[in-house]
Structure formats: C-alpha cells, structure tokens
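Here the structure comes first, spelled out in structure tokens, and everything after it is commentary.
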Amino acid sequence: MASWKRTHTCGELRLEHADSTVTLNGWVQNYRDHGGLVFIDLRDRYGKTQIVFDPKFDPTMHELARSLRAEHVVSATGIVSDRGEARNPKIPTGDIEIKARGLIILNRSEVPPFEIGTEEEPASEDIRLRYRFLDLRRPKMQRILMLRHQIVTAMREYLNSEGFLEIETPILSRSTPEGARDFLVPSRMHPGSWYALPQSPQLLKQILMVAGYDKYYQLARCFRDEDLRANRQPEFSQLDLEMAFVDMDGVLSVVEGMTLHLANKVMGKNLVGPFPRLDYDDAMERYGVDKPDTRFGLELVDITKLAHETEFSVFKSAGCVRGINAKGAAEKFSRKDLDQLTAFVQEQGAKGLAWMKVEADKLQSPIAKFFSDAQQAELRNQLQAEAGDVLFFVADAREKTHAPLNALRNKLGEDLKLYDPAELRFLWVIKFPMFEWDETERRFIAMHHPFTAPLEEDWPLLETDPAAARAQAYDLVLNGEELVSGSIRLHQHEKQMKIFELIGMNKEEQEKRFGFFLEALRYGAPPHGGMAIGIDRCVMEFAGVDSIRETMAFPKTQRGQDLMMGSPAEVEPKQLRELGLR
RNA sequence: GGGGAUGUAGCUCAAUUGGUUAGAGCACCGGACUGUCGAUCCGGAGGUUGCGGGUUCGAGCCCCGUCAUCCUCGCCA
C-alpha cells in the first residue's frame with residue numbers, strides 16, 4: 001500500500017500537473033454518487049479538488065468511495081487529468097480532477113450539525129461557537145485567521161527591519177488600580193495575595209525604556225474584566241510598541257510606515273502617507289466624536305445662534321443645536337423611517353430628533369412654522385441645503401449632542417451607502433485633553449492614562465485650568481474605529497508625581513501603587529513614547545467583519561463564556577483549599 | 001445594573017384572529033442513476049415549539065417568571 005501522505009494540497013493542482021500521480025489529503029466537502037461514477041470534492045485550507053471514482057477501474061475502491069460522507073478525512077491517490085469540456089470554471093483547480101487509483105479513509109465524521117462548505121453563515125452564532133472546531137474549518141473563517149496571520153507577520157517584518165526588539169512581559173502581573181477591572185489570580189504560595197492579568201504591558205514597557213531597549217514591541221495579550229460588546233472581548237491582543245529618544249512625530253512616523261506596509265502588502269492597497277491629522281477639538285466640533293469615519297462627509301453644522309432666535313422653544317432653550325444635511329435623501333425617508341431614526345438617536349441619549357425635508361420653495365417639517373422666512377433662508381445657507389435634502393437636528397447641552405449626532409452620522413453614512421466599504425481611510429487625532437472630570441468620583445481622571453505627558457506649552461495650565469490642558473496623546477483612526485492609541489510619556493519622576501497628584505492620588509498612594517515605577521524613573525529614564533494597536537479590531541476592519549469574535553479562534557460570548565470548552569467552570573475543592581480560598 | 005431583539009425538526013426558517021394531525025428547504029436514512037460540480041429522481045424517518053407556571057373549552061401564538069444568544073446604555077485609564 002502506498003503512503004497516505006499528501007504530495008500536494010487541495011488548492012494547487014493545475015493543468016500543468018496533468019498525467020502526474022499525486023496524493024491529496026483533506027475533508028470530504030461534497031459527494032455526488034451517480035451509481036456509476038462517484039465525485040468527491042476534497043477540501044483543505046488551500047482549496048478544493050474534485051476526485052472521481054470509476055467502478056471500471058476498481059469496484060472495491062468504488063464501493064468504499066460510495067460510503068464517503070461529509071467531513072470524512074481521506075487520502076486519495078490518483079492521476080491528474082484534464083477535465084476538458086467538463087471543467088468547472090468556478091474554482092481555481094477546476095481545469096483538472098484526480099482519477100482515483102487509491103483511497104484511504106483516515107477517519108470518519110459524525111454528521112456535522114451544520115454545513116462546512118457554504119459561504120453564508122450556516123448556523124446561529126451560539127451553535128457555531130459550541131462546535132467551533134467545525135466552524136473554524138469553514139473556508140470563510142480560515143481566510144480570516146490566515147489574514148490575521150499575515151497582518152501580524154507584516155507587523156513583525158516591518159518592526160524587525162526598523163531595528164525593534166520583541167520582548168515578552170509577564171501574564172501574571174500586579175494589580176494597579178486606575179482603569180478597567182482586573183482579572184485576579186490567587187497565589188498559592190502567598191495566601192491572600194493576588195496576581196492580576198495585565199490590562200496592558202504599559203508600565204513594564206516603560207521600564208524597558210529605562211533599561212535601554214529603545215525600540216521594543218510585543219504582541220501582548222491583554223485582559224479587562226468589563227462588559228462585552230461587538231468589538232470587545234475580555235482578552236484581546238495588542239501590538240504594543242515603545243521607543244526611547246523620540247517625540248510624537250517619531251512615533252507617528254514609525255506607526256504610519258508600519259500601517260502603510262500592512263495596508264499595501266497585506267491588503268494590496270496603494271496608499272501613501274502622511275495621514276491627515278485632526279485636533280481633538282476639531283474632531284468633536286465637526287463630527288461629535290474623537291474617532292470620526294472620514295470616508296464620507298455629513299459634517300455637523302452648529303446652528304445654535306440661529307436656533308436661539310427662532311420661536312421653537314426646544315431650540316431656544318438648548319445649550320447647543322447642531323445639524324446634519326443628508327444630501328438628496330428626502331425621498332428615501334418615509335415618515336416611519338424618520339420616526340425610527342428618532343428612536344435611534346434617543347437610544348443614544350438625545351431627547352429627540354428634529355427633521356426638515358427641503359423642497360424648492362419651503363421646508364417641510366413639523367417645526368418649520370417656528371422659523372421665519374429669513375430664518376429658513378439662513379438655515380438653508382448654513383447647511384448648504386438644496387431641494388431633496390433632509391436636515392436633522394439635535395438640541396441639548398453641547399456634550400450631550402455628541403453621541404447621538406455621531407451615531408446618526410454613521411448610520412446615515414451606512415444606510416445611504418455614502419462610502420465604499422472596502423476603502424481604508426486613516427486619520428490621526430491629536431492633542432487630546434489631559435483629563436476629564438469624573439462626576440461620581442469628584443476628581444479628574446486621565447483621559448488616556450496617567451503616564452501621558454502634556455503638551456510642553458500646557459504645563460502652566462495644569463496649575464490654573466487642568467481641564468484645558470492638552471496631552472501629547474494620539475489616536476490613529478481607521479474608518480471610524482480607534483485602531484491605535486498612544487502618547488509621549490512622562491519620564492521625569494517629579495512630573496509624573498505631579499500628574500498623579502492632579503488625579504487625586506496622594507504621595508502615600510503613589511508609593512503604594514506605583515512605587516516601583518516611580519523609583520525606576522529616578523534612575524536615568526530617557527524621554528520615550530509609544531502606542532498600542534488593537535490587533536483584533538485591525539483584523540475586523542481589514543476582513544470587513546463587524547464582530548470581534550470573527551477575528552479570533554476561540555472567542556467568548558457576551559457573558560464571557562466559552563461555549564465549546566465550557567469556561568469558566570467550577571474547580572475541585574482541593575484546588576481551592578490549596579489556594580487558601582475555602 | 002438598565003433597554004431592546006431572538007429562541008419551533010440536526011441546521012435555516014414558516015405556521016392567518018388563540019382552533020383539525022406544527023409545515024418547507026437543506027442535512028440524514030433507503031432506492032435508482034457513468035460527467036456531476038448547490039447533481040437529479042423516487043421513497044422514508046425526524047418535534048418536550050428553550051424551561052417553569054398561569055389564563056382559556058382549546059396556547060407555538062396571550063400573561064408572569066426564568067435561561068440562553070445577540071445588539072445597546074452604563075462600564076471599558
């Protein structure tokens with residue numbers, strides 16, 4: 001008996017291989033039994049190839065072939081043959097088929113709960129997660145995980161070529177409150193003490209800078225025990241990067257070079273830098289969000305001044321009224337659609353949604369009557385309105401208009417198909433505020449994180465008006481998703497202590513929580529800065545999927561469970577006793 | 001913790017106003033078939049309508065509770 005080991009994959013044979021004898025290994029995707037001829041589509045992650053069994057050649061093998069079912073694993077040996085007229089133009093290997101001379105069933109499969117070979121989603125997500133070993137066998141999932149591999153490979157390639165060192169930091173780490181809830185791991189050897197899983201390797205990578213590893217990166221697993229979303233998992237991956245002896249432009253140019261390398265090499269784009277930069281304040285003004293999707297316009301227009309002059313009491317009394325002009329969309333929105341949009345923005349915190357359909361000679365709207373002719377003309381002017389447009393307005397305190405308007409803008413962009421989903425549009429957002437006020441804790445908290453340096457010229461503001469101080473922090477936004485986030489760090493321990501103080505941490509707490517870090521800063525810490533890229537979100541964007549669960553092999557459900565292995569799970573009482581927990 | 005959607009055959013879904021024996025496609029099982037490629041044709045089997053309770057002469061459908069999955073607000077330095 002010949003070897004069952006494959007000589008080729010199921011995706012590589014072409015006409016040029018005709019007449020050679022080959023062996024393929026793979027899963028049976030489909031069988032077509034004609035009583036006489038039996039056709040098998042054999043699939044692996046490289047593709048699929050048709051095998052044909054002819055009873056005239058070997059009746060025993062033909063009978064065996066008739067017993068093949070979906071997802072059996074087989075080794076098929078045979079001769080590569082030109083299919084001639086019978087070729088299948090739909091698949092890359094469709095010019096040839098294998099005329100079987102040998103068949104070994106390596107393993108049979110139970111009837112799978114859903115079909116593996118189809119492109120459309122074959123089952124609901126919980127079924128797919130429960131049978132993840134089958135779900136991941138689907139060509140679509142294999143494409144995504146292969147893309148993910150290419151992305152991280154390209155990242156490593158680029159950074160290695162730039163002289164970066166890949167250095168690992170511990171998973172068993174220490175809780176440093178501030179930020180997300182930690183996952184804790186009890187220590188057996190120190191009962192009552194706990195490790196924490198890292199939310200990011202932030203402090204350790206800064207300490208690596210102190211130690212002189214001036215270009216560092218790591219594909220770091222990060223853990224945050226917070227509620228999940230479509231783009232949030234309790235554990236996720238970051239490309240974590242830090243550089244010493246750089247300023248903001250130094251970091252940005254490396255990240256930009258790497259991002260272009262990724263987009264161009266992996267995605268076959270032809271993008272060039274530099275990416276546009278937008279100040280945080282301008283982003284909030286024009287888009288209502290710090291991560292605008294700039295593939296389309298629909299910028300916000302502030303009509304507060306005009307609104308205050310109208311007779312519409314909601315507008316007159318609101319702190320801020322801002323609008324969006326949905327160009328040419330009047331006929332696309334029925335009254336029912338507009339009601340649904342109103343409900344949509346209310347979910348985002350808006351009190352309501354005012355709308356106006358623009359006609360040649362008037363504005364059609366329940367609130368048009370509150371606007372004088374001159375005011376209507378001015379409104380048209382400010383929003384550059386033309387017949388056929390729909391104008392939307394949200395009125396509220398300024399901060400409260402941001403979320404609903406951004407959500408509305410993104411929804412309109414998507415619903416009205418204002419952009420090409422395949423386009424990759426990058427944008428730097430810079431000059432974030434240092435702090436935001438936390439009403440429940442009655443103190444400032446760091447907007448990025450408390451290790452971020454302010455703009456040099458804003459140091460004086462920290463004494464007089466901390467809320468106005470801006471940080472040397474930067475985000476790289478891709479299609480409305482925050483892809484990269486980073487900052488130049490504080491490297492002088494007095495300045496670091498000053499910032500800790502401003503967020504309400506006294507010297508005692510500083511020493512207790514971050515003593516090791518402050519100490520390191522005293523021993524010749526160089527100026528440094530860096531950033532982190534969310535790998536999973538990056539894959540989401542590049543693969544064009546809208547759930548982070550599609551980008552990782554074994555994701556957890558919204559309630560943090562693995563439906564296949566059944567985690568989290570109870571453990572033996574003995575294990576708890578050893579940990580001193582019971 | 002709050003709001004919302006969904007849950008019917010292995011899978012995806014349907015089932016009129018609460019009314020006869022809960023249907024279809026795919027998958028599965030048996031049979032026919034030598035050029036199919038989502039094979040085709042004939043036949044068959046397959047149901048705790050998520051779970052528990054209630055209303056009713058009668059519940060897949062209405063009510064209450066609960067569980068699961070998803071979306072979302074809060075949360076995520």
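Naming convention: chains lettered A, B, ... in sequence-line order (proteins, then strands); numbering from 1 in each chain.
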| What nucleotide among B:G35, B:C75, B:C37 has an atom nearest to a side-chain atom of A:Lys99? | B:G35
| Do any side-chain nitrogens or oxygens of A:Gln558 fall under 4.0 Å of OP1 or OP2 in B:C71? | yes
| message | Using a 5.5 Å cut-off between ring centres and planes within 30 degrees, is A:Phe39 stacked on the base of B:U36? | response | yes
| How far, in whole Å, is B:U17 from B:C13 if one measures between their C1' atoms? | 23 Å
| message | Does A:Asn506, at its CG atom, have more than 12 non-hydrogen atoms belonging to other residues, nucleotides or ligands within less than 6.0 Å? | response | yes
| task | With sequence neighbours left out, write down each residue that passes salt bridge (Lys or Arg N to Asp or Glu O under 4.0 Å) with A:Arg322, or none if nothing qualifies. | result | none
| message | Quick one: does any side-chain atom of A:Arg232 pair with a main-chain N or O of A:Asp227 as donor and acceptor, under 3.5 Å? | response | yes
| task | Once you apply the 3.5 Å cut-off to both distances, tell me the Watson-Crick or G-U wobble partner of B:G38, or none. | result | none
| query | Using atom C1' of each nucleotide, how far apart are B:G31 and B:A22 to the nearest Å? | reply | 29 Å
| In terms of side-chain geometry, is the basic nitrogen of A:Asp396 or A:Lys351 positioned less than 4.0 Å from the acidic oxygen of its partner? | yes
| Is there a Watson-Crick or G-U wobble partner for B:A24 with both distances under 3.5 Å, and which nucleotide is it? | B:U12
| request: Output every pair passing salt bridge (charged side-chain N to carboxylate O under 4.0 Å, His left out) with a member in residues 549-568 of chain A, not counting sequence neighbours, ordered by first then second residue. | output: A:Glu125-A:Arg549, A:Arg128-A:Glu550, A:Glu235-A:Lys556
| Of all pairs that satisfy salt bridge (charged side-chain N to carboxylate O under 4.0 Å, His left out), the ones with a partner from residues 402-413 of chain A, not counting sequence neighbours | A:Lys411-A:Asp415
| message | Rounding to an integer number of Å, can you tell me how far A:Arg181 CZ sits from B:C76 P? | response | 9 Å
| request: Select one nucleotide: of B:C11, B:C33, B:U72, the one nearest the side-chain heavy atoms of A:Asp33. | output: B:C33
N/O-N/O pairs, protein side and nucleotides 1-3 of chain B side, under 3.5 Å:
unit_1: B:G1; atom_1: O6; unit_2: A:Asp227; atom_2: OD2; d: 3.4

| query | Within a radius of less than 6.0 Å around CZ of A:Phe183, do more than 12 heavy atoms belonging to other residues, nucleotides or ligands occur? | reply | yes
| query | Would you say the side chain of A:Glu121 and the base of B:U12 hold a donor-acceptor pair, judged only by whether the two atoms sit under 3.5 Å apart? | reply | no
| Using the P atom in both, what is the distance from B:G43 to B:G7, to the nearest Å? | 32 Å
| query | For the base of B:U36, is there a side-chain donor-acceptor partner from A:Arg83 under 3.5 Å away? | reply | yes
| A:Glu226 side-chain proximity, nearest of B:C11, B:C76, B:G35 | B:C76
| For B:C57, which nucleotide in any strand shown is its Watson-Crick or wobble partner with both distances under 3.5 Å? | B:G19
Nucleotide N/O of nucleotides 26-28 of chain B paired with protein N/O under 3.5 Å:
unit_1: B:C26; atom_1: O2'; unit_2: A:Glu115; atom_2: OE1; d: 3.4
unit_1: B:C28; atom_1: OP1; unit_2: A:Tyr31; atom_2: OH; d: 3.3

| query | A:Glu482 CD to B:C76 P: how many Å, rounded? | reply | 14 Å
| query | Take atom CZ in A:Arg130; do more than 12 heavy atoms of anything else shown fall under 6.0 Å from it? | reply | no
| field | Residues from residues 543-551 of chain A lying under 4.0 Å of RNA chain B - heavy atoms | value | A:Arg549
| Expressed as a whole number of Å, how far does the P atom of B:G52 sit from that of B:G46? | 23 Å
| In the strands shown, is B:G7 matched to any nucleotide by a Watson-Crick or G-U wobble pair with both distances under 3.5 Å, and which? | B:C67
| said: Show, in sequence, the C-alpha distance, side-chain angles and deciding distance for A:Phe500 and A:Phe517, and conclude whether the ring pair (Phe, Tyr, Trp, His ring centres under 6.0 Å) test is met. | reply: CA-CA 12 Å; A:Phe500 281 156; A:Phe517 177 65; 7.4 Å; no
| task | Would you kindly give the CZ-to-P distance between A:Arg559 and B:A68, to the nearest whole Å? | result | 4 Å
| Basic-acidic side-chain contact under 4.0 Å: A:Glu97, A:Lys99 | yes
| In terms of side-chain heavy atoms, does A:Ser200 have a donor or acceptor partner in A:Gln238 at a distance below 3.5 Å? | no
| said: Regarding A:Pro450, tell me which of base, sugar-phosphate or nothing describes its non-hydrogen contacts under 4.0 Å with the strands shown. | reply: base
| request: Would you confirm whether A:His17, through its side chain, and A:Arg14, through its main-chain N or O, come within 3.5 Å as a donor-acceptor pair? | output: yes
| Is a donor-acceptor contact shorter than 3.5 angstrom present between the side chain of A:Glu119 and the base of B:G38? | no
| query | What integer distance in Å separates A:Gln348:CD from B:G74:C1'? | reply | 12 Å
| field | Heavy atoms of other groups near A:Asp465 CG, more than 12 under 6.0 Å | value | yes
| request: Could you check whether A:Arg66 gets within reach of a base, just the sugar-phosphate, or nothing at all, counting any heavy atom under 4.0 Å? | output: base
| remark: To the nearest angstrom, the CZ-P distance between A:Phe53 and B:G35 comes to 18 Å
| message | Using only modelled atom types and a 3.5 angstrom limit, is any donor from either the side chain of A:Arg224 or the base of B:C76 paired with an acceptor on the other? | response | no
| query | Where the side chain of A:Arg232 is defined as all heavy atoms beyond and including C-beta, which of B:C33, B:C75, B:A68 is the nearest nucleotide? | reply | B:C75
| Minimum-distance nucleotide (side-chain atoms of A:Gln50 versus B:U34, B:U69, B:G35) | B:G35
| request: Using atom CD1 of A:Ile116 as one end and atom P of B:C11 as the other, report the distance to the nearest whole Å. | output: 13 Å
| Taking the P atom of each, how far is B:C64 from B:C28, in whole Å? | 42 Å
| Under-4.0 Å side-chain N/O to phosphate OP1/OP2 contact, A:Lys48 with B:C37 | no
| task | Please report, rounded to the nearest Å, how far the C1' atom of B:C71 is from the CD atom of A:Glu125. | result | 11 Å
| field | Among B:U69, B:C11, B:G35, the one nearest A:Gln561 by side-chain distance | value | B:U69
| said: Students often get this wrong, so: under 4.0 angstrom with heavy atoms, is A:Lys56 touching a base, only sugar-phosphate, or nothing? | reply: base
| task | Would you check if A:Ile96 and A:Asp82 make a side-chain contact, meaning some heavy-atom pair closer than 4.5 Å? | result | no
| If we take the C1' atom in both B:G50 and B:A5, what is their distance in whole Å? | 16 Å
| Whole-angstrom distance between B:G3 and B:G65, as gauged at atom P | 11 Å
| task | For residues A:Arg137 and A:Arg43, determine if any side-chain heavy atom of one lies less than 4.5 Å from a side-chain heavy atom of the other. | result | yes
| said: Is it the case that the base of B:C11 and the side chain of A:Arg128 share a donor-acceptor contact (distance under 3.5 Å, atom types as modelled)? | reply: no
| remark: Smallest heavy-atom separation, A:Glu120 atom then A:Arg138 atom, equals O-NH2, 3.9 Å
| field | Whole-angstrom distance between B:G74 and B:G58, as gauged at atom C1' | value | 45 Å
| message | With a 4.0 Å limit, can you tell me whether A:Ser124 has a side-chain N or O closer than that to the phosphate oxygens OP1/OP2 of B:U12? | response | yes
| query | So what's B:C76 paired with, Watson-Crick or G-U wobble, going by both distances under 3.5 Å? | reply | none
| query | Quick one: A:Glu414 CD to B:C71 C1', roughly how many Å, whole number? | reply | 13 Å
